[in-house]
*Asks:* 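One structure follows; several queries about it will come next.
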Amino acid sequence: MTVEMREGHEGTGPGAITPDGCAVELYSRLPVGDEPDIIAAAVPAGAHILELGSGVGRVTHALLERGFTVTAVDESAEMLGRVRGARTICTPIEGLALDEKFDVVMLASFLVHAGDAEVRRGLLRTCVRHVAEGGCVLIQREGLDYHTNVPRERADPSGFTVRIVSAEPAGDGVDSVRAEYDFPDASWTQTFRSRPLTRQQFESALEEAGLEVQTYLTPDGIWVRAVPAA
């Protein structure tokens with residue numbers, strides 16, 4: 001099967017590669033971090049979460065274990081094939097239009113930094129369309145130095161090394177970012193386009209979509225709880 005890659009995105013390594021350059025096998029190996037704890041502390045117990053860009057279910061499965069109900073959305077059937085215990089919907093996020101609303105809509109994986117501003121607008125419109133009255137939208141932003149502290153490298157205790165090799169200007173305020181993942185038995189790369197957003201630019205993007213920041217959930221400002229603007 002031929003996958004049509006999103007412009008400026010590519011990936012290398014064993015197994016299926018998604019349209020944004022993610023390797024399915026790689027993401028199946030990555031450990032879950034502190035995301036589930038941050039999410040669980042920010043939303044009501046047992047909430048129904050619409051997870052936009054769930055991938056293989058790395059965070060999905062941890063949320064299910066904590067008693068949440070999750071509807072997992074991803075444009076990659078290969079990614080969703082690894083998800084267990086959640087309802088799955090295979091579609092590009094920006095085109096999602098379900099006839100239902102959710103306690104929590106989650107846009108993680110730095111998707112709000114999409115290089116294409118129209119894609120970002122579509123992602124945020126999807127969030128607004130699907131959040132219930134009284135509900136919230138959880139968004140994961142990039143750290144302030146993600147595009148300037150390069151190259152950088154981290155050796156994960158589970159036995160692999162991840163490097164952000166470069167972040168090169170690609171025009172219109174967008175960078176082309178290259179990441180490498182080395183395991184003892186395999187290696188993967190991903191190249192993707194990302195638009196750095198200052199806090200003001202981020203909040204303006206939310207305002208344009210009809211959202212406003214309710215609170216920054218982490219001291220570094222990476223996790224944000226937003227709500228529909230009054």
Side-chain angles (χ1 to χ4, degrees), residues 1-36 38-39 48-66 68-98 100 102 104-116 119-120 122-124 126-127 130 137-142 156 158 160 162 164 177-183 185-194 223:
M1 174 178 158
T2 302
V3 175
E4 184 177 346
M5 303 299 292
R6 289 180 180 254
E7 185 179 359
H9 294 246
E10 67 174 312
T12 67
I17 305 292
T18 68
D20 59 357
C22 294
V24 176
E25 179 61 32
L26 165 63
Y27 277 82
S28 297
R29 295 183 179 205
L30 295 180
V32 69
D34 59 359
E35 296 101 322
I38 294 169
I39 295 159
H48 192 166
I49 299 174
L50 177 64
E51 184 184 5
L52 303 175
S54 67
V56 297
R58 189 173 55 89
V59 176
T60 316
H61 298 141
L63 292 174
L64 292 171
E65 290 170 1
R66 285 162 172 77
F68 296 102
T69 300
V70 182
T71 294
V73 178
D74 203 277
E75 66 180 353
S76 166
E78 290 92 344
M79 286 283 197
L80 290 177
R82 308 287 182 106
V83 175
R84 298 289 178 265
R87 169 193 181 195
T88 60
I89 299 174
C90 186
T91 182
I93 295 167
E94 53 268 40
L96 184 70
L98 302 176
E100 56 188 298
F102 298 81
V104 180
V105 180
M106 188 168 73
L107 187 68
S109 302
F110 316 123
L111 292 176
V112 73
H113 292 271
D116 185 331
V119 169
R120 182 194 67 224
L123 299 177
L124 292 173
T126 293
C127 293
H130 293 92
V137 178
L138 299 186
I139 302 172
Q140 186 182 25
R141 303 169 62 224
E142 293 179 339
D156 192 90
S158 64
F160 70 94
V162 56
I164 303 300
V177 181
R178 179 180 170 87
E180 297 178 349
Y181 299 84
D182 285 336
F183 287 75
D185 62 335
S187 295
W188 286 270
T189 72
Q190 182 183 9
T191 301
F192 58 95
R193 289 188 179 175
S194 178
W223 279 93

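As the structure is a prediction and not an experimental result, all values here were calculated from the model.
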*Asks:* Using the test salt bridge (Lys or Arg N to Asp or Glu O under 4.0 Å), find all partners of Arg82 that sit at least two apart in sequence or belong to another chain.
*Replies:*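 Here the qualifying residues are Glu25.
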*Asks:* With the side chain counted from C-beta on, respond yes when Val56 and Val24 share a heavy-atom pair under 4.5 Å apart, and no when they do not.
*Replies:*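 In contact.
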*Asks:* Does the pair Val105 and Leu52 meet the rule for a side-chain contact (heavy atoms from CB on, under 4.5 Å), with working shown?
*Replies:* CA-CA 7 Å; Val105 180; Leu52 303 175; 3.6 Å; yes
*Asks:* Please check this pair: side chain of Arg58 against backbone of Pro31, looking for a donor-acceptor N/O pair closer than 3.5 Å.
*Replies:*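 Checked: pair present.
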*Asks:* Hey, which of Val137, Ile49, Thr71 is the one that makes side chain to side chain contact (heavy atoms under 4.5 Å, CB included) with Phe102?
*Replies:*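 Single side chain to side chain contact (heavy atoms under 4.5 Å, CB included) partner of Phe102 among Val137, Ile49, Thr71: Thr71.
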*Asks:* Do we get Arg29 above Phe183's six-membered ring, with its NZ or CZ under 6.0 Å from the centre and within 45° of the axis?
*Replies:*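 Flagged: Arg29 positioned over aromatic ring of Phe183.
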*Asks:* Kindly compute the distance separating OH (Tyr27) from CH2 (Trp188), expressed to the nearest 0.5 Å.
*Replies:*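 The OH atom of Tyr27 sits 11.5 Å away from the CH2 atom of Trp188.
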*Asks:* How far does CZ of Arg6 sit from OG1 of Thr18, to the nearest 0.5 angstrom?
*Replies:*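 Reported to 0.5 Å precision, the distance equals 9.0 Å.
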*Asks:* I want to check something: taking the side chain as every heavy atom from C-beta on, are Ile89 and Leu98 in contact at a cut-off of under 4.5 Å?
*Replies:*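 Yes; the side chains approach each other to less than 4.5 Å.
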*Asks:* Taking all non-hydrogen atoms of both residues, which atom of Val70 and which atom of Leu63 are closest, and how far apart?
*Replies:*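 Distance-wise, the nearest heavy atoms are CG2-CB, 4.0 Å.
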*Asks:* To the closest 0.5 Å, what do you measure between OG1 (Thr126) and CG (Leu107)?
*Replies:*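 So the OG1 of Thr126 and the CG of Leu107 are separated by 9.0 Å.
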*Asks:* I'd like to check the salt bridge (Lys or Arg N to Asp or Glu O under 4.0 Å) partners of Asp156; sequence neighbours left out, ordered by chain and number.
*Replies:*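 Applying salt bridge (Lys or Arg N to Asp or Glu O under 4.0 Å) to Asp156 gives Arg154.
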*Asks:* If I compare all heavy atoms of Gly53 with all of Ser109, which pair ends up nearest, and what's the gap?
*Replies:*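 Smallest heavy-atom distance, with atoms named: O-OG, 4.3 Å.
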*Asks:* Could you tell me whether the side chain of Val83 reaches within less than 4.5 Å of the side chain of Asp74, counting heavy atoms only?
*Replies:*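 Side chain of Asp74 against side chain of Val83, heavy atoms only: no contact under 4.5 Å found.
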*Asks:* Could you pull out the closest heavy-atom pair between Leu50 and His130, with the gap in Å?
*Replies:*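 Answer, listing the atom of Leu50 first, then His130: CD2-CB, 3.6 Å.
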*Asks:* Taking Arg84's backbone N and O only, do any of them form a donor-acceptor pair with His61's side chain (distance below 3.5 Å, no angle check)?
*Replies:*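 Side chain of His61 to backbone of Arg84, a donor-acceptor pair under 3.5 Å: yes, one is there.
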*Asks:* Who are the side-chain hydrogen bond (donor to acceptor under 3.5 Å, both in side chains) partners of Ser194, not counting sequence neighbours?
*Replies:*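 For Ser194 the side-chain hydrogen bond (donor to acceptor under 3.5 Å, both in side chains) partners, ignoring immediate neighbours, are Glu142, His147.
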*Asks:* Mind running side-chain contact (heavy atoms from CB on, under 4.5 Å) on Leu124 and Ile139 for me, showing each step along the way?
*Replies:* CA-CA 10 Å; Leu124 292 173; Ile139 302 172; 4.2 Å; yes
*Asks:* Would you compute the distance between atom CE of Met79 and atom SG of Cys90 and round it to the nearest 0.5 angstrom?
*Replies:*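 Between Met79 CE and Cys90 SG, I get 11.5 Å after rounding to 0.5 Å.
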*Asks:* Shortest non-hydrogen contact from Ala16 to Glu78?
*Replies:*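 Closest approach of Ala16 to Glu78: CB-CG, 3.9 Å.
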*Asks:* Minimum heavy-atom separation for Ile17 and Ala23, please, with both atom names.
*Replies:*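 Shortest heavy-atom separation between Ile17 and Ala23 comes out as CD1-CB, 3.7 Å.
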*Asks:* Would you please test Val59 and Ile39 for side-chain contact (heavy atoms from CB on, under 4.5 Å) and show each step?
*Replies:* CA-CA 10 Å; Val59 176; Ile39 295 159; 4.0 Å; yes
*Asks:* Supply the atom-to-atom distance Ile93 CD1 to Cys127 SG, rounded to the nearest 0.5 angstrom.
*Replies:*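 One finds 8.0 Å between CD1 of Ile93 and SG of Cys127.
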*Asks:* Can Val162 and Leu30 be said to form a side-chain contact (heavy atoms from CB on, under 4.5 Å), step by step?
*Replies:* CA-CA 10 Å; Val162 56; Leu30 295 180; over 6 Å; no
*Asks:* Could you pull out the closest heavy-atom pair between Trp223 and Glu35, with the gap in Å?
*Replies:*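 The pair with the smallest heavy-atom distance is CZ2-CG, 3.6 Å.
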*Asks:* For Glu100, does the CD atom have more than 12 heavy-atom neighbours from other residues, nucleotides or ligands under 6.0 Å away?
*Replies:*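 More than 12 heavy atoms, drawn from other residues, nucleotides or ligands, come within 6.0 Å of this atom.
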*Asks:* To the nearest 0.5 Å, what is the distance between CG on Leu111 and CE on Met106?
*Replies:*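 Interatomic distance, Leu111 CG to Met106 CE, rounded to 0.5 Å: 10.0 Å.
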*Asks:* Between Gln190 (side chain) and Asp20 (backbone), is there a donor-acceptor pair under 3.5 Å?
*Replies:*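 Indeed, once roles are kept as given, a pair shorter than 3.5 Å links the two residues.
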